[in-house]
S.K.: 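Take this structure, written in structure tokens, and hold onto it; I'll ask about it next.
The figures here come from the full heavy-atom set of this structure, side chains too, leaving out hydrogens, waters and symmetry mates. Along the sequence shown, residues are numbered consecutively beginning with 1.
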Amino acid sequence: MSRILEKRYALSRRRLIQSFGALAAMPLLGREALAQPIFATYPFQLGIAAGDPAPDGFVIWTRLAPDPLEVGYGMPSQPVEVQWEVASDGGFRTIVQKGTAVARPELGHSVHVEVAGLEPARPYWYRFVAGKERSLTGRARTTPALGADLARVRFASAGCQHYEQGLFTAWRKLAAEPDLDFVFCYGDYIYEYRGERLWNSPGGPIENIRRHAGGEMYSLDDYRRRYAQYKMDADLQAAHAAAAWFTTWDDHETENNWVGSIDENGTPPAIFNLRRQVAAQAYYENMPLRARSFPVGPSLQLYRKASYGNLLDLNLLDTRQYRTDQPCGDRWGQACNELGREGAEVLGAAQERWLMDSLSGSRARWKALAQQIMVMDLDRVPDPATFAVNPDSWAGYNRPRDRLLRFIRDRRIENAVVLTGDEHQNYAGELHLDGRNPEGRPIATEFVATSISSGGNGNDQRPDMVEIQKANPQLKFNNNQRGYLICDVTPERWQSEFRVLDRVTERNGAISTRARLAVAAGDPRIVSA
């Protein structure tokens, strides 16, 4: 059982490897031998996280990685025991739950503990211990009891964090926001591209301020290393430690603009599914997800629902796994005759039925659709002779978009709000069946949060968006800076605050509020708050 493992570790009952540390074999627990580590380098370099809160608990996560960017990330090919604690106070004077988990090499030595038995609607603190090493402390709040009378929910919506194009300052600012019940991360947590010295931005070449390690991702080791590089960022770790997250993915966690078994390069589906499979595993390994989202081949169960008393139902959607191919050759801003094609799907039949059942059965005041791609069917190239859209958004899928909005309208589902990412800009708009004729009362409201760093510093508004906004009266606000969205929800109104940074390519970017927009309960029209 005893053998030298890597250059920094050994499993040996007789000696420790001087200067590098060792792993001493523990007694068998059942049939499994666990390693009790002595680390030469801090093993919690990827931080900690909590996710998917419920009235009685949440998931707590960590991943052991003393050498995060190395093959094997500095861990032995053996299970390792990890202790965890949950306390009712930040000083851990009152431990309310504790236990032992196993960090397995098959899952990148990640740990997902589903903590239960806690009280609803209150904060808790958590931490991990491996060997003699202790993690940082995280904070998470349980959700209220089902149906509880609730006066307020306050949360953040954020995502799209291209490592090379900007610093993660926005996450640090978000971590300092007071009284957040949770964070919704809409995807693009990592980007799959190879490391590049230059970024060929729309305004010309820009030298990246930092670079991806390695080439484009294809193997499990590739994806693990990329997640490690992102998670080593202290600002991102601060945001994870500040509140529980609800996470879902978009495209770059696997490959740009993928849908179903189709990638953007024409790879045979059977081959692309191999890449999907390792991407799905790496995503699960690195997110605070429950066991119900455990990967099965190339698939993850990511659509799910969370309730905040009688005030808010949060419907988390997956707009990648079940979608049919993009129309118009996936060419942005092109007009074509494929937008209304039969058989087109965004959510897939099963998820669409689930969502409609959730919306029609909801007794909450507000119903949020927390997802990735824009529902507004904006005309992206203002020209009276054409109607050109983003084909990788709901606007490229007229039939499923029409079904969703007609369902909300015909079933008289009040106070539906769509939360979106992907666009790397801030938007606020009103949803109509036909964006070319947005007349009458809107059906629902959409708030699109910008990126954490993707797109670089940005500016207040791109010149082309000035013209696009003029041509699309349903679009009430647009901004091209980086940041995040703060949503403050009460029974009377939903307020969205667009928080933006003046720069992300330098440290100490300043945060400010670019706009506060709101909708009143029973009236989906957007007004200034």
Side-chain angles (χ1 to χ4, degrees), residues 42 44-63 82-99 101 110-130 133-145 148 150 152-159 168-185 189 231-247 286-290 306-309 312 314 452 484-489 499 511:
Y42 187 60
F44 297 106
Q45 296 203 38
L46 307 187
I48 57 175
D52 276 21
D56 68 339
F58 36 73
V59 179
I60 57 174
W61 169 95
T62 194
R63 182 177 158 221
V82 179
Q83 285 79 42
W84 57 270
E85 297 176 325
V86 175
S88 59
D89 62 285
F92 284 80
R93 290 178 293 273
T94 304
I95 307 295
V96 296
Q97 296 279 356
K98 63 181 180 179
S110 62
V111 171
H112 301 72
V113 178
E114 297 192 20
V115 182
L118 305 181
E119 297 177 7
R122 62 149 297 163
Y124 289 93
W125 288 259
Y126 63 94
R127 64 190 180 189
F128 296 90
V129 175
E133 304 280 357
R134 179 180 290 167
S135 74
L136 301 176
T137 297
R139 180 182 182 274
R141 179 181 289 273
T142 51
T143 65
L150 207 61
R152 185 189 189 199
V153 174
R154 191 169 189 269
F155 67 93
S157 179
F168 292 170
T169 312
W171 284 126
R172 178 72 66 170
K173 303 297 184 181
L174 185 152
E177 294 281 353
D179 303 323
L180 290 182
D181 289 288
F182 64 90
V183 174
F184 165 53
C185 181
Y189 191 95
K231 282 183 167 291
M232 288 169 69
D233 186 278
D235 294 337
L236 176 57
Q237 289 191 20
H240 273 299
W245 287 31
F246 291 102
T247 65
N286 288 280
M287 293 294 117
L289 292 167
R290 293 182 181 269
S307 294
Y308 280 78
L312 173 67
L314 185 73
I452 291 291
Y484 52 89
L485 188 69
I486 295 292
C487 298
D488 201 325
V489 184
R499 304 277 281 159
I511 194 80

S.K.: Quick check for you: to the nearest 0.5 Å, what is the distance between Asp181 atom CG and Leu314 atom CG?
M.R.: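 The distance works out to 11.5 Å.
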S.K.: Pairs in or reaching into residues 112-125: which pass side chain to side chain donor-acceptor pair (under 3.5 Å), with residues at least two apart or in two chains?
M.R.: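 Of all non-adjacent pairs touching residues 112-125, those that pass side chain to side chain donor-acceptor pair (under 3.5 Å) are Glu114-Arg290.
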S.K.: Are Phe182 and Tyr308 close enough that their ring centres sit under 6.0 Å apart?
M.R.: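 Yes.
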S.K.: Starting at CG of Leu174, measure out to CG of Leu180 and round the result to the nearest 0.5 Å.
M.R.: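 Leu174 CG to Leu180 CG: 6.0 Å, rounded to 0.5 Å.
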S.K.: Between atom CG of Asn286 and atom OG1 of Thr62, what is the distance when rounded to the nearest 0.5 Å?
M.R.: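 That separation rounds to 10.0 Å.
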S.K.: For a quick test of reading the model, state the closest non-hydrogen atom pair linking Leu46 to Gln237 and the distance between them.
M.R.: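 Looking at all heavy atoms of both residues, the closest pair is C-NE2, 3.6 Å.
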S.K.: Under a 3.5 Å distance rule, please check whether Gln45 uses its side chain to pair with a backbone N or O of Met232 as donor and acceptor.
M.R.: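 Not a single qualifying donor-acceptor pair exists.
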S.K.: Considering residues at least two apart in sequence or located in another chain, which fulfil the side-chain hydrogen bond (donor to acceptor under 3.5 Å, both in side chains) criterion with Asp52?
M.R.: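 In terms of side-chain hydrogen bond (donor to acceptor under 3.5 Å, both in side chains), with neighbours along the sequence ignored, Asp52 is linked to Arg292, Arg304.
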S.K.: Between Trp245 (side chain only) and Met287 (backbone N and O only), is there a donor and an acceptor less than 3.5 Å apart?
M.R.: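 Between the backbone of Met287 and the side chain of Trp245 there is no qualifying donor-acceptor contact (under 3.5 Å).
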S.K.: Return the set of residues passing ring-ring contact (aromatic ring centres under 6.0 Å, His included) with Phe92 (not counting sequence neighbours), or none when no residue passes.
M.R.: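 With sequence neighbours excluded, Phe92 shows a ring-ring contact (aromatic ring centres under 6.0 Å, His included) to no residue whatsoever.
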S.K.: Of all residues at least two apart in sequence or in a different chain, which pass the salt bridge (charged side-chain N to carboxylate O under 4.0 Å, His left out) check with Asp89?
M.R.: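 Expected list: Arg93.
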S.K.: For Tyr484 and Ile511: C-alpha separation, side-chain torsions, deciding distance, then whether side chain to side chain contact (heavy atoms under 4.5 Å, CB included) applies.
M.R.: CA-CA 10 Å; Tyr484 52 89; Ile511 194 80; 4.0 Å; yes
S.K.: Please report the shortest heavy-atom distance between Ile48 and Gly138, naming the atom on each side.
M.R.: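 Shortest heavy-atom separation between Ile48 and Gly138 comes out as CD1-N, 3.2 Å.
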S.K.: Check Thr143 against Ser307 and note the closest heavy-atom contact, atom names and distance.
M.R.: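 Thr143 and Ser307 have their closest heavy atoms at CB-O, 3.8 Å.
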S.K.: Sequence neighbours left out, what passes side-chain hydrogen bond (donor to acceptor under 3.5 Å, both in side chains) with Arg172? Give chain and number order.
M.R.: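 With sequence neighbours excluded, Arg172 shows a side-chain hydrogen bond (donor to acceptor under 3.5 Å, both in side chains) to Asp235, given in chain and number order.
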S.K.: Could you check Arg63 against Val111 for side chain to side chain contact (heavy atoms under 4.5 Å, CB included), going step by step and ending with a plain yes or no?
M.R.: CA-CA 6 Å; Arg63 182 177 158 221; Val111 171; over 6 Å; no
S.K.: Going by salt bridge (charged side-chain N to carboxylate O under 4.0 Å, His left out), name the residues that satisfy it together with Arg499, two or more places apart in sequence or in a different chain.
M.R.: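 Result, salt bridge (charged side-chain N to carboxylate O under 4.0 Å, His left out) vs Arg499: Glu177, Glu497.
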S.K.: Assign the ring pair Tyr189 / His240 to parallel, tilted or perpendicular, where the plane angle (0 to 90°) is split at 30° and 60°.
M.R.: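 Rings of Tyr189 and His240: tilted, as their planes differ by 30° to 60°.
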S.K.: For Ala244, check side-chain contact (heavy atoms from CB on, under 4.5 Å) against everything at least two apart and list the hits.
M.R.: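 By the side-chain contact (heavy atoms from CB on, under 4.5 Å) rule, Ala244 matches Ala50, Pro53, Ala140.
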S.K.: Might you point out which heavy atoms bring Phe44 and Glu133 nearest each other, and give the distance in Å?
M.R.: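 Phe44 and Glu133 have their closest heavy atoms at CE1-O, 3.5 Å.
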S.K.: Closest heavy-atom contact between Pro288 and Thr247?
M.R.: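 So the two residues come closest at CD-CG2, 4.5 Å.
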S.K.: Can you name the residues that form a salt bridge (charged side-chain N to carboxylate O under 4.0 Å, His left out) with Arg134, not counting sequence neighbours?
M.R.: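 Salt bridge (charged side-chain N to carboxylate O under 4.0 Å, His left out) list for Arg134, sorted by chain: empty.
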S.K.: So how far is it from Thr137 OG1 to Phe128 CZ, rounded to the nearest 0.5 Å?
M.R.: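 The OG1 atom of Thr137 sits 11.0 Å away from the CZ atom of Phe128.
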S.K.: Which heavy-atom pair separates Gly57 from Thr142 by the least distance, and what is that distance?
M.R.: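 For Gly57 and Thr142, the tightest heavy-atom pair comes out as N-CG2, 3.7 Å.
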S.K.: Quick one: list whatever passes side-chain hydrogen bond (donor to acceptor under 3.5 Å, both in side chains) with Ser110, sequence neighbours left out.
M.R.: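 If we apply the side-chain hydrogen bond (donor to acceptor under 3.5 Å, both in side chains) test to Ser110, skipping adjacent residues, there are no hits.
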S.K.: Can you tell me how far OH of Tyr126 sits from CZ of Phe58, rounded to the nearest 0.5 angstrom?
M.R.: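 With rounding to 0.5 Å, CZ (Phe58) is 8.0 Å from OH (Tyr126).
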S.K.: For the atom pair CG (Leu236) and CD1 (Ile452), what is the distance rounded to the nearest 0.5 Å?
M.R.: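 Between atom CG of Leu236 and atom CD1 of Ile452 there are 8.5 Å.
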S.K.: Under 4.0 Å between a side-chain nitrogen and a carboxylate oxygen: does that hold for Asp488 and Arg154?
M.R.: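 Judged by the 4.0 Å cut-off on N to carboxylate O distance, Asp488 and Arg154 do form a salt bridge.
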S.K.: Ala148: what forms a side-chain contact (heavy atoms from CB on, under 4.5 Å) with it, not counting sequence neighbours?
M.R.: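 If we apply the side-chain contact (heavy atoms from CB on, under 4.5 Å) test to Ala148, skipping adjacent residues, the hits are Pro144, Ala145.
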S.K.: Output all residues satisfying side-chain hydrogen bond (donor to acceptor under 3.5 Å, both in side chains) with Glu85, sequence neighbours left out; order by chain, then residue number.
M.R.: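 side-chain hydrogen bond (donor to acceptor under 3.5 Å, both in side chains) list for Glu85, sorted by chain: Arg127.
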S.K.: Run the ring-ring contact (aromatic ring centres under 6.0 Å, His included) test against Phe184 and tell me which residues pass, sequence neighbours left out.
M.R.: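 ring-ring contact (aromatic ring centres under 6.0 Å, His included) list for Phe184, sorted by chain: empty.
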